[in-house]
Engineer: 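First the structure, then my questions, so here it is.
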Amino acid sequence: MDSPPEIVLSGIQPTGGFHIGNYLGAVQNWVRLTETPGYRCFFCIVDLHALTQDYQPGDLPGRVVEMTADLLASGLDPERASLFVQSHVPEHAELAWALATVTPFGELGRMTQFKDKSEHQPENINAGLFTYPILMAADILLYKATRVPVGHDQVQHLELTREIARRWNARFGETFPEPQPIHTQAPKILGLDGKQKMSKSLGNTILVSEEPEAIKKKLLSAYTDETRLRKSDFGHPDKCYVCGLHNYFSPADVTARHHEGCATATLGCVDSKRALAESMIAYLAPIRERSLALRAHPERIREILQAGAASARSVAIETMSDVRERLGLYR
Ligand code: ADP
Ligand code: TRP
């Protein structure tokens with residue numbers, strides 16, 4: 001007999017277009033998962049989660065469109081996965097409420113992301129920020145997902161999801177599988193300062209749909225090996241941010257030339273940055289073009305998201321019907 005399919009679910013906040021860290025660290029892996037036989041994939045743009053952080057309501061629809069355009073442009077095929085917006089499937093919020101009743105209050109208080117975000121927005125420590133992991137658990141359990149690709153910062157939330165599933169199953173009968181994380185050897189891409197992780201909130205990013213001139217400008221200001229002050233100093237390509245990025249964006253011969261040029265002091269950091277800019281612009285050009293073309297047709301994006309929500313919802317409705325019955329709600 002065939003083994004049951006693995007059900008994969010992941011979520012991403014609608015931050016607008018995404019950066020090369022998101023692309024190399026997460027999205028490329030999502031695309032690979034959709035191509036894996038036996039995997040049924042759901043990818044959710046988590047707009048309800050986004051409401052917990054400071055934002056302008058007028059910006060949110062555009063951020064969803066840009067995020068969707070970048071995902072599709074990066075090769076995510078909506079025929080191979082359900083790509084949808086969280087708020088289009090109201091069962092997410094409904095299940096979150098039910099799961100809240102089996103979530104230990106104390107566990108929520110231990111979440112490091114809650115503490116970090118509270119420090120980041122001391123004027124807006126809302127209850128949604130506190131219950132954020134319950135909504136994330138609902139995203140996952142609604143589809144009975146078995147595998148969840150996440151970055152390290154989300155592992156604690158996934159552990160809590162498993163705990164919630166266990167408590168639910170113990171109280172109301174076996175309903176949800178305990179989802180396992182998928183950790184890829186995803187690289188952690190640093191920001192242009194070469195020190196902190198590349199992150200939208202730190203303003204140190206290069207977007208996949210960044211204009212070529214902006215890529216050049218940003219890379220020319222990027223950090224390089226601190227110990228190499230002059231071109232005549234020998235560099236350390238394994239410690240140099242620019243050399244590191246060559247690994248991902250430049251053809252093998254260009255990468256090798258610049259690594260060697262750095263180590264032997266025959267090529268300077270500026271040469272290396274110019275070459276990297278050229279490679280990165282060429283690498284990202286097709287993604288940028290596809291994304292811009294899609295953004296020019298928001299009706300096409302809307303159609304794709306509506307179809308994604310319809311296919312996700314057919315599963316969500318079934319789960320919720322079972323959940324309501326198990327809860328003993330009068331029907
Ligand atoms: P940001 O920090 O820019 O807000 P998110 O936290 O929304 O990004 O991350 C979305 C996805 O992209 C996550 O799966 C995360 O692990 C991945 N990711 C984010 N930043 C990086 C990075 N600098 N390097 C590798 N992967 C990253
Ligand atoms: N909390 C995740 C983040 O900030 C996004 C997310 C929401 C998610 N729901 C999810 C990730 C479900 C995986 C599965 O990156």
Side-chain angles (χ1 to χ4, degrees), residues 7-31 33 41-55 63 66-67 70-71 74 76 81-87 89 92-93 95-96 99 111-114 116-117 120 128-129 131-162 164-165 179-208 241 244-245 247-248 312:
I7 299 179
V8 175
L9 180 134
S10 199
I12 194 162
Q13 298 238 12
T15 48
F18 51 74
H19 56 74
I20 56 173
N22 301 137
Y23 177 72
L24 296 172
V27 176
Q28 268 195 334
N29 184 40
W30 288 12
V31 173
L33 289 168
C41 298
F42 296 87
F43 296 113
C44 181
I45 298 178
V46 294
D47 56 348
L48 297 177
H49 278 114
L51 308 184
T52 60
Q53 277 169 281
D54 296 326
Y55 80 105
R63 279 163 43 187
E66 285 172 17
M67 175 60 68
D70 277 4
L71 285 170
S74 300
L76 196 79
S82 297
L83 173 63
F84 64 102
V85 179
Q86 188 183 35
S87 67
V89 182
H92 286 248
L95 180 58
L99 295 180
M111 296 292 117
T112 55
Q113 195 171 75
F114 170 67
D116 290 349
K117 287 192 177 166
H120 194 72
L129 211 51
T131 56
Y132 179 112
I134 307 179
L135 182 58
M136 178 163 160
D139 298 340
I140 297 168
L141 300 181
L142 192 53
Y143 303 96
K144 303 192 175 171
T146 52
R147 308 297 307 266
V148 181
V150 278
H152 288 284
D153 60 330
Q154 296 300 315
V155 168
Q156 200 185 27
H157 287 165
L158 195 61
E159 272 163 17
L160 180 59
T161 302
R162 285 204 295 274
I164 292 174
Q180 300 299 323
I182 300 182
H183 294 301
T184 41
Q185 290 103 11
K188 180 165 157 195
I189 305 297
L190 298 180
L192 290 160
D193 55 8
K195 296 204 163 60
Q196 286 173 291
K197 150 186 148 137
M198 183 174 285
S199 172
K200 202 75 182 235
S201 55
L202 297 172
N204 59 4
T205 62
I206 296 180
L207 300 178
V208 291
Y241 176 66
L245 284 182
N247 292 330
Y248 299 111

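In listed order, ligands and their atoms are each counted from 1.
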Engineer: Who gets closest to atom 14 (O) of ligand 1 by heavy atom: Ala26, Gly191, Gly21, Gly11?
Structural biologist: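 Comparing heavy atoms across Ala26, Gly191, Gly21, Gly11, the nearest one to atom 14 (O) of ligand 1 lies in Ala26.
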Engineer: When the side chains of residues 144-151 are checked against the rest of the protein, which donor-acceptor pairs come out under 3.5 Å, sequence neighbours left out?
Structural biologist:
| unit_1 | atom_1 | unit_2 | atom_2 | d |
| --- | --- | --- | --- | --- |
| Thr146 | OG1 | Glu6 | OE1 | 2.6 |
| Thr146 | OG1 | Ile7 | N | 2.9 |
| Thr146 | OG1 | Ile7 | O | 3.2 |

Engineer: So if I count the atoms of ligand 1 from 1 in the order they appear, which ones are less than 4.0 Å from some heavy atom of Gly25?
Structural biologist: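 Result: 25 (C), 26 (N).
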Engineer: With atoms numbered from 1 as shown, which atoms in ligand 1 lie under 4.0 angstrom from a non-hydrogen atom of Lys197?
Structural biologist: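 Ligand 1 atoms under the 4.0 Å threshold to Lys197: 2 (O), 19 (C), 20 (N), 23 (N).
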Engineer: Would you check whether Gln154 reaches within less than 4.0 Å of ligand 1, judged by its heavy atoms?
Structural biologist: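 It does not, in that no heavy atom of Gln154 comes within the 4.0 Å cut-off of ligand 1.
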Engineer: Just one of Ile164, Thr161, Leu95 clears the side-chain contact (heavy atoms from CB on, under 4.5 Å) bar with Ile140, so which one?
Structural biologist: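 For Ile140, the side-chain contact (heavy atoms from CB on, under 4.5 Å) check succeeds only for Thr161.
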Engineer: Give me the atom names and distance for the closest heavy-atom approach of Tyr132 to Thr52.
Structural biologist: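 Of all heavy-atom pairs spanning Tyr132 and Thr52, the closest is CD1-OG1, 3.9 Å.
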Engineer: So is there a nitrogen or oxygen of Ser201 less than 3.5 Å from a nitrogen or oxygen in ligand 1?
Structural biologist: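 No: no nitrogen or oxygen of Ser201 is under 3.5 Å from one in ligand 1.
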Engineer: Near Met198, which atoms of ligand 1 are under 4.0 Å from a heavy atom of that residue?
Structural biologist: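 In order of number, 20 (N), 21 (C), 22 (C), 23 (N).
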Engineer: Drop me the distance from Leu51's CG to Leu135's CG, to the nearest 0.5 angstrom.
Structural biologist: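 These two atoms lie 9.5 Å from each other.
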Engineer: Heavy atoms only, cut-off 4.0 Å: how does His152 contact ligand 1, side chain, backbone, both, or neither?
Structural biologist: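 Answer for His152: neither.
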Engineer: Using a 4.0 angstrom limit on heavy atoms, which residues are close to ligand 2?
Structural biologist: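 Its neighbours under 4.0 Å (heavy atoms only) are Leu9, Ser10, Gly11, Gln13, Val46, His49, Tyr132, Met136, Asp139, Ile140, Val148, Val150, Gln154, given by chain and number.
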Engineer: Taking heavy atoms and a distance under 4.0 Å, where does Lys200 meet ligand 1: side chain, backbone, both or neither?
Structural biologist: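 Answer for Lys200: both.
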Engineer: Could any protein non-hydrogen atom be found less than 4.0 Å from atom 8 (O) of ligand 1?
Structural biologist: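 Yes, there is a protein heavy atom closer to it than 4.0 Å.
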Engineer: Of His49, Gln113, Met111, which is the lone residue that meets side-chain contact (heavy atoms from CB on, under 4.5 Å) with Pro133?
Structural biologist: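 Going through the options one by one, the only one that passes is Met111.
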Engineer: Work out which heavy atom in Leu48 is nearest to a heavy atom in Gln86; give both atom names and the distance.
Structural biologist: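 Smallest heavy-atom distance, with atoms named: N-OE1, 2.9 Å.
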Engineer: Which protein non-hydrogen atom lies closest to atom 25 (C) of ligand 1, naming both residue and atom, and how far is it?
Structural biologist: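 The closest heavy atom on the protein side is Pro187 O, 3.1 Å.
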Engineer: Can you find an N/O atom of Thr15 closer than 3.5 Å to an N/O atom of ligand 1?
Structural biologist: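 N/O-N/O distance under 3.5 Å: no.
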Engineer: Where does Ser199 meet ligand 1, judged by heavy-atom distances below 4.0 Å: at the side chain, the backbone, both, or neither?
Structural biologist: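 Both backbone and side chain.
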Engineer: Nearest 0.5 angstrom please: Thr15 OG1 to Gln53 CD, how far?
Structural biologist: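 Separation between the atoms: 10.0 Å.
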Engineer: Taking only heavy atoms of Lys188 into account, list the atoms of ligand 1 that are under 4.0 Å away from them.
Structural biologist: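 Selected atoms, number and element: 24 (N), 25 (C).
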Engineer: Regarding atom 5 (P) of ligand 1: of the candidates Asn22, Thr205, Leu202, which has the closest heavy atom?
Structural biologist: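 Going through Asn22, Thr205, Leu202 one by one, Asn22 has the nearest heavy atom to atom 5 (P) of ligand 1.
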Engineer: Provide, to 0.1 Å, the distance between atom 24 (N) of ligand 1 and the closest protein heavy atom, together with that atom's residue and name.
Structural biologist: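 Of the protein heavy atoms, Ile189 N, 2.8 Å lies nearest.
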Engineer: In terms of residue, atom name and distance, what is the protein heavy atom nearest to atom 16 (O) of ligand 1?
Structural biologist: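 Of the protein heavy atoms, Gly151 CA, 3.4 Å lies nearest.
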